[in-house]
Amino acid sequence: MNAIKIANYTKVKARELQKTLYLCAKENPKRKFHALYDKIYRSDILLEAWKRVKSNKGSGGIDGQDIDLIVHQYGEEKFLEGIQEALKQKKYRPQPVRRTYIPKGDGKTRPLGIPTIKDRVVQMATKIVIEPIFESDFKDCSYGFRPKKNAHQAMAQIRKYSKKCWWVVDIDIKGYFDNINHEKLMILVEKRINDRRVLKLIRKWLRAGVMEGDQFHESEIGSPQGGVISPLLSNIYLNYMDSLWEKYFSNHGHLIRYADDCAPRRRVQVA
């Protein structure tokens, strides 16, 4: 089987698994999934995860490994076999993320936490497995970092509803990723997942800490921007807000959310 056929095969197998998990979760909104960990280290899932991480490129983490080093020196097959064995033997330990800063439009900087390539692959494999479960619960008003959803669709909805509204409120949650409460997040994750090995993985990533230069900082709150799993965890956290809006405040207007950016719109009568 050549490389192209293998790539297509892993994509198909990953989609089959995701479809099955999504349909099971959608059919029973109260179902908790308990047999997921062994799916994360399946060869086809790890290979698909590696393909996605590789295509996203990006710099390496604190271990100095980057994509080119793995491809041209270490060897992709050997790299994935090592990850698989570590997960099987429960010896996998994430490393702290590497702190870096990127400029924002207002002249300030945004902190990013860059995991190692190995950690990115394991996070991506976990995301492939658990994302469809939570996708079955996410509200239609959420557009950020979701399959088949994007910022253009969110803007289209804002334009659509703005024709019927007198005003739009733009909301951004300050320092959102840096201030996510770990315990509250895990309560929400546990509503759908009770595989303790998967829950332990997520907790390890949340608590892996940050290396800034030669200084280590513990991470008691937050989920680092730059982590593969962070956008999904952020959506799980804010889906609770979406649910509250839908249940209690939908009569006040429409909510459009892209990650931690929100645009509630309300029609008001003018005297």
Side-chain angles (χ1 to χ4, degrees), residues 21-22 25-26 28-33 104 110-113 123 126-127 129-162 164-194 198-199 202-203 205-207 219-268:
L21 291 170
Y22 176 85
K26 197 71 174 177
N28 184 357
K30 294 184 178 181
R31 176 174 175 175
K32 293 187 177 184
F33 292 77
K104 296 171 62 176
R110 183 190 305 276
L112 292 183
Q123 287 187 20
T126 304
K127 180 175 179 285
V129 172
I130 71 173
E131 184 175 55
I133 296 170
F134 292 100
E135 271 292 320
S136 71
D137 297 329
F138 289 163
K139 304 301 180 183
D140 291 338
C141 65
S142 170
Y143 289 86
F145 309 112
R146 295 184 59 192
K148 300 180 181 179
K149 295 223 175 190
N150 55 52
H152 296 293
Q153 294 170 339
M155 291 301 298
Q157 287 298 305
I158 291 173
R159 285 193 294 268
K160 172 185 173 182
Y161 289 119
S162 293
K164 304 175 183 179
C165 302
W166 288 107
W167 48 266
V168 176
V169 178
D170 181 33
I171 301 170
D172 178 76
I173 302 175
K174 184 178 180 181
Y176 171 64
F177 281 87
D178 296 329
N179 292 287
I180 293 175
N181 183 291
H182 290 174
E183 294 308 313
K184 291 180 179 178
L185 170 61
M186 292 308 301
I187 289 172
L188 296 172
V189 173
E190 289 168 13
K191 285 182 177 292
R192 277 303 207 169
I193 296 175
N194 63 1
V198 176
L199 296 174
I202 296 173
R203 287 193 180 95
W205 289 322
L206 292 172
R207 298 171 182 169
S219 48
E220 298 180 354
I221 58 173
S223 183
Q225 283 185 275
V228 173
I229 201 74
S230 293
L232 174 60
L233 296 179
S234 74
N235 272 330
I236 292 171
Y237 199 75
L238 284 179
N239 186 61
Y240 183 69
M241 180 190 75
D242 298 342
S243 300
L244 291 176
W245 181 279
E246 183 179 86
K247 186 174 182 179
Y248 297 110
F249 306 109
S250 58
N251 61 309
H252 293 297
H254 301 277
L255 176 68
I256 302 296
R257 181 172 67 78
Y258 191 91
D260 61 325
D261 292 303
C262 314
R265 292 157 311 288
R266 180 181 178 187
R267 182 169 186 135
V268 266

Determine the interplanar angle of the Y161 and H254 rings, folded into 0 to 90°, and report it as parallel if under 30°, tilted if 30 to 60°, perpendicular if over 60°.
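If you compare the ring of Y161 with that of H254, the planes turn out parallel.
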Who passes side-chain hydrogen bond (donor to acceptor under 3.5 Å, both in side chains) against [X], sequence neighbours left out?
X: D260; value: none
X: E131; value: K127
X: K184; value: none
X: E183; value: R207

Looking at [Y], is its backbone amide N or carbonyl O close enough to the side chain of [X] to form a donor-acceptor pair, meaning the two atoms are under 3.5 Å apart?
X: K149; Y: Y258; value: no
X: Q123; Y: I229; value: yes
X: S136; Y: Y22; value: no
X: N235; Y: R146; value: no
X: N239; Y: D242; value: no
X: S219; Y: L206; value: yes
X: H182; Y: G222; value: yes
X: K32; Y: N194; value: no
X: R31; Y: K26; value: no

With heavy-atom distances below 4.5 Å as the criterion, would you say the side chains of [X] and [Y] are in contact?
X: I130; Y: L232; value: yes
X: Q153; Y: Q157; value: no
X: W205; Y: L233; value: no
X: S243; Y: K139; value: yes
X: I202; Y: V189; value: yes
X: F177; Y: S230; value: yes

Mind checking the [atom1]-[atom2] spacing from [X] to [Y]? Nearest 0.5 Å is all I need.
X: K174; Y: N179; atom1: NZ; atom2: CG; answer: 9.5 Å
X: D178; Y: I173; atom1: CG; atom2: CD1; answer: 12.5 Å
X: Y176; Y: L238; atom1: OH; atom2: CG; answer: 3.5 Å
X: K30; Y: R192; atom1: NZ; atom2: CZ; answer: 11.0 Å
X: I180; Y: M186; atom1: CD1; atom2: CE; answer: 12.5 Å
X: E135; Y: K148; atom1: CD; atom2: NZ; answer: 10.0 Å

Run the salt bridge (charged side-chain N to carboxylate O under 4.0 Å, His left out) test against R203 and tell me which residues pass, sequence neighbours left out.
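For R203 the salt bridge (charged side-chain N to carboxylate O under 4.0 Å, His left out) partners, ignoring immediate neighbours, are E190.
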Which residues share a ring-ring contact (aromatic ring centres under 6.0 Å, His included) with Y240, sequence neighbours left out
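ring-ring contact (aromatic ring centres under 6.0 Å, His included) check on Y240 returns nothing, list empty.
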